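Please read these numbers as outputs of a predicted model, since none were measured by experiment.
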Amino acid sequence: QLQLVESGGGLVQPGGSLRLSCTVSGFTLDNYAIGWFRQAPGKEREGISCISRSGDTTNYKDSVKGRFTIYRDNAKNSVYLQMERLKPEDTAVYYCAADSAYGSSWCGILYEYDYWGQGTQVAVLS
C-alpha cells in the first residue's frame, strides 16, 4: 500500500526553523516527483515546493523562495523541506504528495498529485 507520512511540524517563533520530513512506503521513491503543499485556516491549499524524480529540478513558490529548501534522500525513502526564517503567515498544515506521471526532471507546484499524506501542523507564533 502506497503511503506518505509527514513529520517535523510544531510550534516555532518567528525567525525560527523547522525541517519537515516526508517518508514514503509501499513504492520506490525515486520513481516519483514529490511536492510540498500547505493549507492555512480559511484558505485554499497551495503548492510551495517540489522536487523531480531525479532531484535535478526544484521549484518554489515566490513567498518561500530563499527561505525553504527541498531535497530528497532516496536511500531513506524521504524528502525533506528545510524551512528557515519562518513567518506567522507560514502557519498551516503542510502536506507532501507524490506523482509519477511525467519525466524524471519534471515537478510542478500547480498540479494535482496522485498520492497524499495526512499532513503535519506548523504554527509560527510569537
Side-chain angles (χ1 to χ4, degrees):
Q1 182 178 356
L2 195 150
Q3 190 174 15
L4 298 89
V5 178
E6 303 92 339
S7 61
L11 175 64
V12 64
Q13 292 185 333
S17 302
L18 284 173
R19 188 183 77 160
L20 304 184
S21 300
C22 173
T23 302
V24 308
S25 61
F27 63 98
T28 304
L29 180 61
D30 55 8
N31 289 334
Y32 288 79
I34 300 293
W36 279 99
F37 297 77
R38 69 185 181 188
Q39 187 166 19
K43 295 188 177 181
E44 293 187 354
R45 187 178 65 200
E46 61 178 0
I48 57 170
S49 186
C50 65
I51 187 165
S52 63
R53 286 193 280 162
S54 63
D56 61 355
T57 300
T58 58
N59 287 312
Y60 298 91
K61 185 178 176 63
D62 284 348
S63 60
V64 306
K65 204 172 290 184
R67 299 189 298 122
F68 291 10
T69 303
I70 189 170
Y71 59 102
R72 63 194 296 154
D73 185 341
N74 290 342
K76 295 184 178 180
N77 279 343
S78 294
V79 174
Y80 305 95
L81 186 68
Q82 180 68 44
M83 306 188 296
E84 307 283 351
R85 303 194 303 280
L86 284 160
K87 304 176 181 180
E89 51 264 43
D90 295 318
T91 295
V93 178
Y94 284 69
Y95 302 88
C96 63
D99 203 288
S100 64
Y102 296 103
S104 62
S105 293
W106 174 87
C107 79
I109 59 173
L110 298 176
Y111 180 80
E112 189 64 28
Y113 284 62
D114 280 342
Y115 305 101
W116 292 81
Q118 293 300 305
T120 185
Q121 176 73 54
V122 171
V124 185
L125 300 172
S126 302

Between [X] and [Y], what is the shortest heavy-atom contact and its length?
X	Y	answer
Ser54	Ser105	OG-OG, 3.9 Å
Ser17	Gln82	CB-NE2, 4.2 Å
Ile34	Cys96	CG2-CB, 4.4 Å
Arg38	Ala92	CB-CB, 3.8 Å
Tyr60	Thr69	OH-CA, 3.4 Å
Arg67	Ser63	NH2-O, 3.0 Å

* To do: Return the set of residues passing side chain to side chain contact (heavy atoms under 4.5 Å, CB included) with Ser100 (not counting sequence neighbours), or none when no residue passes.
  =>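 Testing Ser100 for side chain to side chain contact (heavy atoms under 4.5 Å, CB included), a comparison that skips the adjacent residues, returns Tyr32.
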* Asked: Residues two or more places apart in sequence or in another chain: which of them pass side chain to side chain contact (heavy atoms under 4.5 Å, CB included) with Val24?
  ->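 Residues passing side chain to side chain contact (heavy atoms under 4.5 Å, CB included) with Val24: Leu4, Cys22, Phe27, Leu29, Asn77.
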* Compute the centroid of each ring, for Tyr80 and then for Tyr71, and state whether the two points are separated by less than 6.0 Å. =>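 Ring centres of Tyr71 and Tyr80 closer than 6.0 Å.
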* **Ring centers of Tyr113, Tyr115 separated by less than 6.0 Å** =>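 Ring centres of Tyr115 and Tyr113 not closer than 6.0 Å.
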Linked, directly or transitively: [X] and [Y] (ILVMFWY side chains, under 4.5 Å):
X	Y	result
Leu20	Val12	yes
Val64	Trp36	yes
Ile70	Leu86	yes
Ile51	Trp106	no
Leu2	Tyr102	no

* To do: Using a strict 4.0 Å threshold on nitrogen-to-oxygen distance, state whether Asp90 and Lys87 make a salt bridge.
  =>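 A salt bridge is absent here (no side-chain N lies under 4.0 Å from a carboxylate O).
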* Asked: In terms of side-chain geometry, is the basic nitrogen of Glu112 or Arg45 positioned less than 4.0 Å from the acidic oxygen of its partner?
  ->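 Yes, charged N to carboxylate O under 4.0 Å.
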* Plane angle bin for Tyr94 and Phe68 - parallel if under 30°, tilted between 30 and 60°, otherwise perpendicular ->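 Because their plane-to-plane angle lies in the 30° to 60° range, the rings of Phe68 and Tyr94 count as tilted.
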From [X] [atom1] over to [Y] [atom2], what is the distance, rounded to the nearest 0.5 angstrom?
X	Y	atom1	atom2	result
Thr91	Gln121	OG1	CD	7.5 Å
Asp99	Asn31	CG	CG	12.0 Å
Ser126	Gln13	OG	CD	7.0 Å
Arg53	Cys107	CZ	SG	12.0 Å
Ser104	Asp56	OG	CG	6.5 Å

* Asked: Are the side chain of Ser49 and the backbone of Asn59 linked by a donor-acceptor contact shorter than 3.5 Å?
  ->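 A pair under 3.5 Å: yes.
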* Using atom types as modelled and distance alone, determine if a side-chain donor or acceptor of Arg72 lies under 3.5 Å from a backbone N or O of Ala33. =>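 No.
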[atom1] ([X]) with more than 12 external heavy atoms under 6.0 Å:
X	atom1	value
Leu125	CG	yes
Gln118	CD	no
Glu89	CD	yes
Lys65	NZ	yes

* Asked: For Arg19, what residues pass the salt bridge (Lys or Arg N to Asp or Glu O under 4.0 Å) criterion, not counting sequence neighbours?
  ->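 Applying salt bridge (Lys or Arg N to Asp or Glu O under 4.0 Å) to Arg19 gives none.
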* To do: With Ile48 as reference, evaluate Leu81, Asp62, Ile109 under the side chain to side chain contact (heavy atoms under 4.5 Å, CB included) test and give the passing residue.
  =>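 When Leu81, Asp62, Ile109 are each tested with Ile48, the side chain to side chain contact (heavy atoms under 4.5 Å, CB included) holds only for Leu81.
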